[in-house]
Each structure stands twice: as structure tokens, then as C-alpha cells.
2 protein chains.
Amino acid sequence: MIKPARRNWQDVMSEVEQRIYSRQWRPGELIPNEADLAIEFGCARVTMNRALRALAETGLLDRRRKVGTRVTLNPITKATLQIPVIRSEIEARNHLYGYYLLDEKIEKAPHFISKLFNVSVGTQLLHVISLHCADGSPYVIEDRWINLIALPHLSDVSFAALSANEWLLQNTPFTHGDISFGATNASAEEASILKTKAGAALFTIERTTRNRIADSKPKDKALTNVRLLFRPGYQVHTNL
Amino acid sequence: MIKPARRNWQDVMSEVEQRIYSRQWRPGELIPNEADLAIEFGCARVTMNRALRALAETGLLDRRRKVGTRVTLNPITKATLQIPVIRSEIEARNHLYGYYLLDEKIEKAPHFISKLFNVSVGTQLLHVISLHCADGSPYVIEDRWINLIALPHLSDVSFAALSANEWLLQNTPFTHGDISFGATNASAEEASILKTKAGAALFTIERTTRNRIADSKPKDKALTNVRLLFRPGYQVHTNL
DNA sequence: TAGTGGTCTAGACCACAGA
DNA sequence: CTGTGGTCTAGACCACTAA
């Protein structure tokens, strides 16, 4: 069987995908090395490399030096998902976005936050609680702690009319962070804010952003931690 | 200021990141084109391209032909997360994995499943409910529908001792699918299986996998749909 | 040690999208 | 039309790692 010469790395990638999906190359199996495949496909080795690398990034192939390239056994291991930027998400659905500041004060860090921010327990931090609405209905509660030591100029900013979410996104450079997704039962207070029943299951996102570069100090500084409590029924969706 | 010649694309990428984090290149700003940067960094244009492309993939840069490369305004928009493969996840924590089949029968598809699978309403489908445990404690309920028309050989397989999750992962090629994350209150029955209270907030993952290539028919066929109900307190975590 | 993937280079041409 | 990123090529060398 003569293979027509492939033009670009995406065509090459598709052909490789075909071979995997058609089980010509089975899960766990070792496929030929780059050089041989490049000859077979009639392209440069770099092009072959690009195609195989892309498939490895999506998790379909598993590549190791000296060993070779294998078809992954369990391909469903990664998904890239959009992290909701609240205002955009609401406006993308053609709903009217609304923002309400519920509470804003400087207070002592609770234990878990001081550990997260790597500050001593009594430190004064900015605590902002707000509500985002879609067409007037409660959409998500934002419960945010801000590290005033790392972001001192923030004590002058008021979040009465402006979401802390947006302000920080556009004004605070960060280098890395972490994010968790979970579920929690609404407290009586949270339920009343979201206009639902106490105990309702809420989807939650908790995110901490840090900045490794701006500080010359060796330790990481957390800039801000935010906990988002979404209204009942909220889902995050993505394709594989 | 003389820049030392950079060795590889990752070094180049780091330097570009530095310029962004240090605000030498600000959000929304246009940076020099590839060719000029390659000269400045003392590397080939391809190498520069690789570095900038990688940053564009993580969402830090926004590149358009003819227009140029901009620093993204809202960089927190994407996260790649590991989709839990239940057995591996449990064993990775050094817990003993346990699997229990709760129910397995062929029955008529409910409305939402028949729509999802694109089959008529009365179609007989395989419905498997099982429980995965960690060190003997309930971990997650798996509620799965399997399309017997797309996977006819499956009627011979029994999932009494073998998780449908694993069997399908290793034996069913699929080309794409979709996945949702959400939260739901445990029903009385679910709560008793998970040994928790009715109404507890459970983190849920719902996944449908499809196969576009195996069929010559134009329509997609969903192969299987699975709903995972995790024990209270479960979280998915990833870094940014 | 040897085989594999990972990467670099220089130069060329292509594809897209403003002007 | 022109300027930008996108890609291809051939050949070379490097880096990791199983044997």
C-alpha cells in the first residue's frame, strides 16, 4: 500500500490518529520510531516529531527516550477547561450582569488563610464578599481574601462598584496558582443570598494566585485567595 | 544592555515570561515580531516561534497573523486538569481499591439518554451501577449507560468483578466526548450507598464519549454515558 | 554503550488579514 | 499589496535512559 506524501504536520497527525482509532496501532503498543515514520510518511523528521508531540500533549501517545512511543492505555486523562471569568460568562449568555458588594473589611486572617498566605496568624488582611448576578438573579458568591502585604496599594481601592475579581485580574500580575473544584452544602446565610434553600448543593471553585518572580525573597507569597459558591445547578462543561 | 545568547526555547520562553511579569511588556501591548526578537535573543526564528507559541497555548500571549503578538489581557482563562481514573487515583494514595457491582440490567432508555445517544425512546440499553471504594470506604458511585447498538459485543461481558470503567477505557476506542462538572444533593438511596446523610453535597462528573470515525454513518453515536457521584468532601485540584 | 526522542540552525515558501 | 505568524526541509548534535 502506497501512502501519499503528507503535506503538513496536522495531516500527519490525523493519519496517526486514524491508525490508533482503527486499532492498527493498539493501546499499549509501541509504534515505529520518528525517523522510520518520517520516511514512510514522506516528511521531515521534525514534522513527524511535531505531529507525535501534539498527540502526546493531548494524552493519546506516551513518549520516552530510548524506549519509544506507545499508544496510551487510558487516553481519558486530561481535559482543558475554561475557567469562568464571571462577567464575561454572564454576558456571553446575553444576560445582564450585576455586581453587589456585600461586605468589605480588614480583619485578622483565620488560620487556614494565614497558612496559605504564609503570614503570621494575627495579620490584618482585606476580606471582600460580593455577589454576582445574571439578569437580577443571584449567580455566584465571591468570598475573597487579599494579602495587603503583597499588594499594599490595594487598601486605597474600594470594591463598592467594581468587582475585586476584575480589578485583580487586570492589575495584579501573577506567575502561578492553584485551583480546586468541589461541592458544598449552602449555609443558611449563603442560601439566603443565593435565594435557595439551606443545604442546597453548590458547585465551588477555590483559587489561590501567587507571585514567585516579583519578590526577591525565597518564599512564595500568595496574593489572593477566592472561593466561589455558584448557584444550584451550575455546571462547568468542556469537550474532550 | 547586552542579552546573553539563549540556548533553548525554554530559556527564551522564561525570558519572555519575565518581561511580561515584570511589566516591561504590559497586558494588551504589542511585542516585537518574531524575526526581530530572534535577532535580539540570538536564536533562530523557529526557536523564537516555539517559545512564543508555547506561551500562546498557555494563554499568556495572543498571536494573530499580520497583526502581531499581544500580551493577553485576562490570562486566567484555561486550566488543564487530570480526569480521575478511579482505580489509579485510589491506588496512588496507597489505599486499597475495591469494586462492587450494585446493579446491571438491560432496560429502556430514559428520555435524556435516548436523546444523548441518538436512539429511539424504547431502545434497550445496558445500565450498570457500581461502587468504587478506597480502603473499604465508599468513594464514588458510577451510574453508567452503554449503547448496545454501537457496542453489541458488550452484552456478553459481565461487570460483576470488573469495572465497566476500566473495561471500556481499554477496549473501546473513542474519538471525542464531553464532560461536565457539577454538584448535587445526595438522594436517600445514594446517601445510604455512600454512607452519608441524604442531601449531602456531592461533587459530580458526567461524561459522554462518542466515536465519529468507526461509523460510516453521518450521525454521531454516543458509546456510553457515565455519571460519577463522589463522596462528600471530594475535590479535583490542579495548578495554573 | 547505543537507541530513542528533543532540539537547534538557516533559509525558504505559504497563508492569512490589514491597508 | 505587504507584514505578520505558520510551516517545511535537511542535517546536525544533545540528553536521557534501558541494557
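The shown structure was predicted, so the numbers you read here are calculated from the model rather than taken from an experiment. Heavy atoms only: backbone and side chains are in, while hydrogens, waters and symmetry mates are out.
The nearest heavy atom of DNA chain D to A/Arg65 and to B/Gly68 marks one nucleotide each, and the one closer to the 5' end goes with B/Gly68. Each of A/Val67 and B/Lys66 lies near DNA chain C, and the nucleotide nearest A/Val67 is the one positioned closer to the 5' end.
When each of C/dG18, C/dG6, D/dC16 is scored by its nearest atom to the side-chain atoms of B/Arg64, the top-ranked nucleotide is C/dG18.
The two residues B/Cys43 and B/Met48 have their closest heavy-atom pair at SG-N, 4.0 Å. Taking both residues in full, the closest heavy atoms of A/Val71 and A/Arg26 are given as CB-O, 3.5 Å, listed atom of the first, atom of the second, then distance.
The phosphate of C/dT7 (OP1 or OP2) has no side-chain N or O of B/Asn8 nearer than 4.0 angstrom. For the pair B/Thr69 and D/dG5, the criterion of a side-chain N or O lying under 4.0 Å from OP1 or OP2 is met. Side-chain nitrogen and oxygen atoms of A/Gln10 include at least one within less than 4.0 Å of the OP1 or OP2 phosphate oxygen of D/dT7. Considering only side-chain N and O atoms, A/Thr47 lies under 4.0 angstrom from the phosphate OP1 or OP2 of D/dT9. An OP1 or OP2 oxygen of C/dG5 is reached within less than 4.0 angstrom by no side-chain nitrogen or oxygen of A/Asn49.
As a whole-Å value, the separation of B/Phe41 CZ from C/dT9 P is 13 Å. With rounding to whole Å, A/Ile39 atom CD1 is found 11 Å from D/dG11 atom P. In this structure, A/Arg53 atom CZ and D/dG6 atom C1' are separated by 14 Å, rounded to whole Å. Atoms CG (A/Leu37) and P (C/dG5) sit 8 Å apart, rounded to a whole Å. Atom pair A/Arg63:CZ and D/dT17:C1' shows a separation of 15 Å (rounding to whole Å applied). Following rounding to the nearest Å, B/Glu34 (CD) and C/dA12 (P) show an atom-to-atom distance of 17 Å. One can place CH2 of A/Trp9 at 19 Å from C1' of C/dC13, the figure rounded to the nearest angstrom. Rounded to whole Å, the distance from CG on A/Asp11 to C1' on D/dG6 is 14 Å.
The base of D/dT4 lies outside donor-acceptor range of the side chain of B/Arg45, with no N or O pair under 3.5 Å.
A side-chain donor-acceptor contact under 3.5 Å links B/Asp135 to the backbone of B/Leu96. Proximity of a side-chain donor or acceptor of A/Arg70 to a complementary backbone N or O of A/Gly28 within less than 3.5 Å is detected.
Counting any heavy atom pair closer than 4.0 Å across all strands shown, B/Arg50 reaches sugar-phosphate atoms only and no base atom.
Ring orientation note: the planes of B/Tyr139 and B/Phe230 are nearly perpendicular, at an angle over 60° on the 30°/60° scale.
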